[in-house]
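A quick write-up on the structure given underneath.
Because the structure is a prediction, the values reported are computed rather than measured. Within every chain, numbering begins at 1; the chains are lettered A, B, ... in the order of the sequence lines, protein sequences first and strands thereafter.
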Amino acid sequence: MDAPRAVRVVTEVAAVDRPFDYLVPEGLAKTGVGDRVRVDFNNRSVRGWVVSDAHVSENLKSLGKWLGYGPPASMMDILLWSSERWLAPLARFLVAASPRQLVTSLPTAPALRALEGDQWQRLSDQAPGVIQVSPNTDPLDLVLAAYRATRADGASLIVVTPTEAWSRRLRGRLEQRGCATAGADEWERARAGWPIVVGARGAAFAPVPRVAGAVIVDADDESLRSPAQPTWHALDVLEERCRRASAPWWATTMLPSPRLMAKGYRVDGDIRGGWPRVTVIDRRGGDPHDGLLAGEALSAAHRALSGDEAVAVVVLHHRLGRGRLLACAACHELYRCAVCGQAEQEVDDVVSCASEHERRRRFCRACGSTRVKLLRQGVSTVRRDLEAQLSQSVGEVTASTETLPSTRVVVGTEAVLQRVRRASVVIIDDFDQYLLAPRETARRQAVDVVGRAGRLVGSRRAGRGDVIVQTRRGDDLVVRSLVDASFDRLLDDEFETARALRLAPFGARATIRGAGAQSYAASLGDPLTVSGDEVHGFVVRARDVNQLVDAMRTVAKPPHVRVALD
DNA sequence: CGGACAAGCTGA
DNA sequence: CAGCTTGTCCGG
């Protein structure tokens, strides 16, 4: 008879972020690290994961039941690292690496086939790391090159893109070229070690037993960060997974954030040619009686409609509901904060920016007029205006749209850029909504949205690619950079701003909210600095993430206090 | 998290 | 002092 065995179990009760040991009964001898089990926990029957082996001691209860496979044993260290890195219970990350439904048997991964055909010879070697690419650079060649460079029996290349739809398309094209791929919805395949796993951010926790390498497409896209707590980022997870596996990773970006710049990056060929042609329509001088589309935007729309592209015109309207822009009704100058340049709002007759650098009465800094107009319309209003202006029926696409309209003119929020694949021209009806959004990342997101629009219209190299930007800030560096498709100045600027404001990579922040947040924040003390208030949350700053996390882990977090790492 | 149990509060 | 609420502790 075998010696008795015990295992350490973390339960689904995330609030109890601590393992407990159980005996492995003889019937469950096959139970491995990572597996899903049912255990009796404080007189409750709960599900959990075996996270390691344990010493046999007295008074241990036995595992109740083997439920199925979970993440492979080789992933336990990255899951533990993630829970420490994002100050969250381990169970959250065990869930991220586990199937939605229990899996009790695994397929066998296909054996690696020889790489046949010219395409594999043509692929030049691509050095790992951060690569600046143009919006119209096809990531397929990079993925193929990464696959060629890393493929090994029993190891998997993980590929992450910003959206499921993009992953599905990429995956289909990889399959066409003879690569065996697993999708995000095929947990069993990833767990069995399929050669390539493709998915959206969740694929960062693909349960592959061995990581051969990783490709992160559009690494600066917001959607690679989990929107809910814990706010883990696919790039951080994969970078660490690869580091631990001594495996290479590649990350592409249209515009390297300061964080990625600090890692060092190279530029992939002719970036400029892959950006769309950008035409700026400065509405400051415009006739206030102009419709939604002014001058060149209107003629470009008519030209596009006389062409044969199925979707001729996409009008991008900044997302609904939040933040209205104030403008002078006399001279059209925007109301902006003199300190930070962000858009000002008017609340109870007081005009100020979100950070309240200056609180003032309503008057135009340019002409002194006190008459204002609100520059903000919903998508439906925009649609009616467009129909009148273009004498065309216009469809609407928002995040909640289920089937795409069949009209040749489409207006939508940012969701439209993910849903419509091709168009002759994209018009951003009010670019200032992006430029002046009350976010530190507003300027780079403004560039980003033009890049994503450029994917619908194609590149200036191909003699296509018209993105038309209506703005009252024609002399802004962001706008000029887009027109020239030349971003070096902007990148330097962003890097220096990050340094000055101690944003990543020059600092790390966490926001603390909830009952007891103030005393908790205060108790953290050196070397962290605390600012903020009850309403907006207390902001804790540190030199870097490690310092921040180490300091926060030394003080027990009171219940009901929520911590968000920026 | 959720059960167990203790201490505190209330009203007849 | 029963009956209820609120708080604290703890799980293998």
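Here A:R244 pairs with A:D77, A:E240 under the salt bridge (Lys or Arg N to Asp or Glu O under 4.0 Å) rule; sequence neighbours left out.
Considering only heavy atoms from C-beta on, A:Y265 stays 4.5 Å or farther from A:I131 through its side chain. Residues A:M254 and A:R455 are in side-chain contact: their nearest non-hydrogen atoms beyond the backbone lie under 4.5 Å apart.
Using a cut-off of 4.0 Å between Lys/Arg side-chain N and Asp/Glu carboxylate O, A:D448 and A:R452 are scored as salt-bridged. Taking 4.0 Å as the cut-off between side-chain N and carboxylate O, A:R36 and A:E12 count as a salt-bridged pair.
For the atom pair CD (A:E496) and CG (A:L501), the distance works out to 11.0 Å, reported to the nearest 0.5 Å.
The stretch residues 85-93 of chain A has no heavy atom under 4.0 Å from DNA chain C, so no residue of it qualifies as close. For DNA chain B, no neighbouring residue in residues 46-66 of chain A is found when judged by any heavy atom under 4.0 Å. Non-hydrogen atoms lying under 4.0 Å from DNA chain B are contributed by A:V13, A:A15, A:V16, all within residues 6-22 of chain A.
In this structure, A:F506 and A:F495 have perpendicular ring planes: the angle between them is above 60°, well past the 30° mark.
For the residue pair A:Q418 and A:T163, the shortest heavy atom distance occurs at CD-CG2, 3.6 Å.
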A:E26 vs A:R5, salt bridge (charged side-chain N to carboxylate O under 4.0 Å, His left out): CA-CA, chis, key distance, verdict: CA-CA 9 Å; A:E26 237 168 285; A:R5 186 176 153 228; over 6 Å; no
Intermediate values then yes/no, side chain to side chain donor-acceptor pair (under 3.5 Å), A:T181 and A:R171: CA-CA 7 Å; A:T181 66; A:R171 197 186 151 200; 2.8 Å; yes
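Heavy-atom contacts of chain A under 4.0 Å fall on DNA chain B between two terminal nucleotides, which in 5' to 3' order are B:dC1 to B:dG2.
Identified under the ring-ring contact (aromatic ring centres under 6.0 Å, His included) test for residues 23-68 of chain A, with sequence neighbours left out: A:F20-A:F41, A:W66-A:Y69.
Donor-acceptor pairing under 3.5 Å is recorded for the side chains of A:S45 and A:R38.
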